[in-house]
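Side chains are part of it too, since the values below use all heavy atoms of this structure and drop only hydrogens, waters and symmetry mates. So you know, we letter chains A, B, ... as the sequences are listed, proteins then strands, and number each from 1.
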There are 2 protein chains.
Amino acid sequence: MELSDRKRQILKVVVEAYVRTAEPVGSKAIAAEMGGSVSSATIRNELSDLTEMGYLEQPHTSAGRMPSPKGYRLYVNELMEAQRLSLAETEKINQSLQLKMEELDRLLAQAGRAVSALVRYPAYVSASRKTELTVRRFELLAVDERNCILVMMTSDSKVKSQLLRMQLKVDPTDLPAAANLLNSHFTNTDPGGMSQHLMNVADQVSPQLFLLLSQAVSFAADVLEEAGQREIVTAGASRLLKLPEFRDADKAHELMSFLADSKEDLPQPMHRPMEILIGPENVKEALKDTSVVVASYDIGDDMRGLIGVVGPTRMDYAAVAARLSGFAEGLTRLFGKQEELPPKEERK
Amino acid sequence: MELSDRKRQILKVVVEAYVRTAEPVGSKAIAAEMGGSVSSATIRNELSDLTEMGYLEQPHTSAGRMPSPKGYRLYVNELMEAQRLSLAETEKINQSLQLKMEELDRLLAQAGRAVSALVRYPAYVSASRKTELTVRRFELLAVDERNCILVMMTSDSKVKSQLLRMQLKVDPTDLPAAANLLNSHFTNTDPGGMSQHLMNVADQVSPQLFLLLSQAVSFAADVLEEAGQREIVTAGASRLLKLPEFRDADKAHELMSFLADSKEDLPQPMHRPMEILIGPENVKEALKDTSVVVASYDIGDDMRGLIGVVGPTRMDYAAVAARLSGFAEGLTRLFGKQEELPPKEERK
DNA sequence: TTTAGCACTCCTTTTCCCGGAGTGCTAAAG
DNA sequence: CTTTAGCACTCCGGGAAAAGGAGTGCTAAA
């Protein structure tokens with residue numbers, strides 16, 4: 001059976017009322033909501049159809065109807081009106097985007113808190129690299145005969161450095177040569193390639209130098225690996241406790257510890273700039289009873305971030321989606337500005 | 001009235017039973033626990049005394065007794081037997097101390113998770129610096145005429161670096177002079193002193209150089225300030241939900257959001273290596289109904305860390321205290337090892 | 001000082017009952 | 001064929017009452 005316009009409208013009303021009240025909604029209330037143009041009996045007939053078609057559910061006979069995941073899906077795909085944010089709201093988003101630029105992971109934490117506060121649900125934020133990171137340049141600075149400083153510039157123009165402590169004394173005048181070696185053989189390659197080369201030069205250099213090189217390479221590998229990891233940060237998990245569906249401590253606990261622990265398992269890959277996953281559409285068991293709205297943003301050219309919101313299936317999808325995409329756009333813009341300066345050559 | 005030995009023993013039994021069951025404990029149960037040497041009626045008389053003296057409380061007449069904060073305090077101070085950890089337990093602690101040494105804040109996060117898992121309560125970890133941090137040495141490396149790398153070694157032998165982008169072109173051969181300037185005037189001083197000096201040299205150097213210097217100083221100030229901040233990280237907050245006293249979602253929510261937000265307000269300063277704060281002894285309103293066990297550990301010579309556990313007043317103080325101090329000692333040892341190498345001059 | 005006995009208190013759980021909201025069906029009306 | 005009114009029926013939720021039980025406090029005797 002095709003969905004008549006009236007059925008669609010009824011479904012819409014049901015979803016929106018249920019989202020608001022968290023109570024099953026009855027035929028009378030729907031009739032009222034629709035302006036009294038039809039009677040509750042008519043609505044009842046339609047409801048019965050919609051239930052049969054799987055868009056609505058009843059907790060028990062003689063209770064009102066609530067949307068099934070399928071119903072939410074239809075609502076999100078076709079019925080939901082994209083919500084325009086008020087000026088005040090946009091302003092609020094921009095304000096929460098006044099993030100202090102520090103280390104990436106702190107920034108993520110700030111962003112997570114901001115989003116969570118904005119939508120009043122728990123949120124998570126992550127960033128991951130699109131392309132492989134490599135070292136572009138090495139430098140070695142002498143401190144004394146047992147210590148020197150390793151400075152590396154990575155392919156994304158970030159600089160990292162570390163104090164190297166040497167087991168064997170090294171003549172400070174040897175350092176430039178060592179740096180040259182590093183620059184000629186260990187740049188623009190992944191950690192695997194580095195240790196490869198390290199083996200190759202093992203018997204061509206003095207033992208002191210070799211120790212130094214291997215320390216340098218191991219630090220470089222650490223840096224590259226760590227930067228390559230996807231960093232996930234969650235915020236606002238305790239907001240769950242405010243929701244009637246998580247009044248049950250066990251349920252709340254399950255989801256909250258999932259959020260706290262799962263660094264990898266949160267909904268991640270996605271094709272469109274924003275995706276909505278409703279209840280059982282989630283792969284992870286712990287999220288089967290919840291919905292997730294997740295959007296992506298760009299960090300410069302070479303990293304991508306995810307920003308997601310977790311809530312009950314009864315979620316105000318329109319509101320969350322609007323705010324989330326606003327925030328994601330803001331983040332992209334923010335990082336765009338930051339990144340504009342660095343690796344490019346000229347600017348007028 | 002003085003506390004007879006028997007009263008003390010009864011108090012001990014009450015505390016321990018209540019900790020175990022979270023239910024008010026009655027005279028009969030106590031009599032049984034004490035081996036049946038006295039009857040429940042006798043116990044009742046004693047209980048009545050203890051209640052009058054403020055060591056015990058009754059939720060209502062005709063309910064069993066539970067310890068008051070005063071009762072817990074006496075228990076902790078005098079009755080509690082320091083718990084010896086089993087070998088297996090010690091092993092477990094050492095195992096969770098296999099923390100991967102990364103950035104300090106990640107290490108804290110790891111430690112927090114480990115402690116929380118160990119004691120099964122939420123935990124928090126922090127680190128703060130005892131002495132003022134300064135820059136010991138600056139270096140500047142040329143990248144191209146508009147970019148150079150600033151490398152700083154701080155007074156705790158950590159190395160930090162940053163890419164500086166210059167508005168005005170600077171001749172790379174000027175950099176050593178600039179570095180000299182930095183080293184002679186901006187080392188071993190706090191951020192305040194730095195900007196002071198910056199003003200002084202303003203009209204003695206070229207504008208290009210001045211811009212460069214001010215960028216360097218501002219980065220240095222950032223680094224020093226950030227490193228000086230006390231970093232707090234919480235873990236395992238969701239464990240609260242498992243406890244009967246936080247079955248009530250509102251109560252749980254209050255405490256959990258407090259834990260999530262309060263970076264500064266968690267019990268901190270302390271005189272002894274370990275402190276136990278019971279219920280109302282906590283200053284913060286949100287902690288009035290909870291107890292906190294907090295221990296300190298050393299990070300090298302110049303930083304100190306705090307590690308705390310938050311739980312209901314009905315907490316197994318002996319167990320938590322034993323594990324926590326074990327963990328704190330382990331951390332001190334861990335950092336001791338790490339720090340042994342660096343700033344010292346010679347080693348045999 | 002300890003103990004047994006007993007009445008009494010107060011919480012908790014269970015049961016029962018009732019009201020209300022909502023459905024589904026039928027039959028009549030448009 | 002669709003819409004509507006009417007009505008019996010279902011089921012939940014809340015409240016009152018009842019039953020049960022754990023524990024106390026007191027008294028009187030050992």
Atom CD of A/Gln58 to atom C1' of C/dT23: distance rounded to whole Å? 7 Å

How about B/Ile30 and B/Leu47: do any of their side-chain heavy atoms sit closer than 4.5 Å? yes

Give every residue pair that meets the salt bridge (Lys or Arg N to Asp or Glu O under 4.0 Å) criterion with at least one member in residues 57-72 of chain A, sequence neighbours excluded. none

Is there a residue in residues 25-38 of chain B whose heavy atoms reach under 4.0 Å of DNA chain C, and which residues are they? B/Ser37, B/Val38

Rounded to the nearest 0.5 Å, what's the gap from CE on A/Met256 to CZ on A/Arg239? Could you check? 11.5 Å

Going through the checks in order, is the side chain to side chain contact (heavy atoms under 4.5 Å, CB included) test met by A/Lys7 and A/Tyr55? CA-CA 10 Å; A/Lys7 284 198 174 57; A/Tyr55 293 108; over 6 Å; no

Starting at atom CD of A/Glu57, determine the distance to atom P of C/dG22, rounded to an integer number of angstrom. 18 Å

Please tell me if the side chains of B/Asn282 and B/Pro267 come closer than 4.5 Å, counting only heavy atoms from C-beta onward. yes

Whole-Å distance between C/dT23 P and A/Leu56 CG? 11 Å

Value in whole Å for how far the C1' atom of D/dT2 lies from CD of A/Glu46: 10 Å

Is A/Glu281 close to A/Arg73 at the side-chain level, that is, under 4.5 Å between some pair of heavy atoms? yes

Which pairs, protein N/O on one side and nucleotides 26-30 of chain C N/O on the other, fall under 3.5 Å?
none

Output the single nucleotide from C/dT2, C/dG24, C/dA4 whose closest atom is nearest the side chain of B/Ser39. C/dA4

Taking OP1 and OP2 of C/dG22, is either one under 4.0 Å from a side-chain nitrogen or oxygen of A/Arg65? no

Rounded off to whole Å, could you give me the CE-to-C1' distance for the A/Met66 and C/dT23 pair? 16 Å

Base of C/dG5 paired with side chain of B/Arg44 (donor-acceptor, under 3.5 Å): yes

Write out a two-atom table: protein N or O, nucleotide N or O from nucleotides 10-14 of chain D, distance below 3.5 Å.
residue, atom, partner, partner atom, Å
D/dT10, O2, A/Ser62, OG, 2.7
D/dC11, OP1, A/Thr61, OG1, 3.3
D/dC11, O4', A/Ser62, OG, 3.2
D/dC11, O3', A/His60, ND1, 3.2

Side chains of A/Leu50 and A/Leu3, heavy atoms from C-beta outward: is any pair under 4.5 Å? yes

If the test is side chain to side chain contact (heavy atoms under 4.5 Å, CB included), which one of A/Val115, A/Val233, A/Val292 qualifies with A/Tyr124? A/Val292

In whole angstroms, the gap separating P of C/dT23 from CD1 of A/Ile10 amounts to 11 Å

Evaluate the side-chain proximity of B/Val13 to B/Ile10: yes if any heavy-atom separation is below 4.5 Å, no if none is. no

In chain order, what residues pass the ring pair (Phe, Tyr, Trp, His ring centres under 6.0 Å) check against B/Tyr72, with sequence neighbours excluded? B/Tyr317

Measure from CG on A/Leu47 to C1' on C/dA21 and round the result to the nearest Å. 14 Å

Show your reasoning for whether side chain to side chain contact (heavy atoms under 4.5 Å, CB included) applies to A/Ser40 and A/Arg44. CA-CA 6 Å; A/Ser40 68; A/Arg44 274 203 290 285; 3.5 Å; yes

A/Lys284 NZ: over 12 foreign heavy atoms closer than 6.0 Å: no

To the closest 0.5 Å, what do you measure between NZ (A/Lys251) and CG (A/Leu243)? 11.0 Å

Regarding B/Glu81 and B/Lys12, does a basic nitrogen lie under 4.0 Å from an acidic carboxylate oxygen? yes

Without decimals, in angstroms, what is the distance between A/Asp49 CG and C/dG24 P? 11 Å

How is the base pairing of DNA chain D summarised as a dot-bracket string, given the Watson-Crick and G-U wobble criteria with both distances under 3.5 Å, [ ] for crossing and | for another strand? ||||||||||||||||||||||||||||||

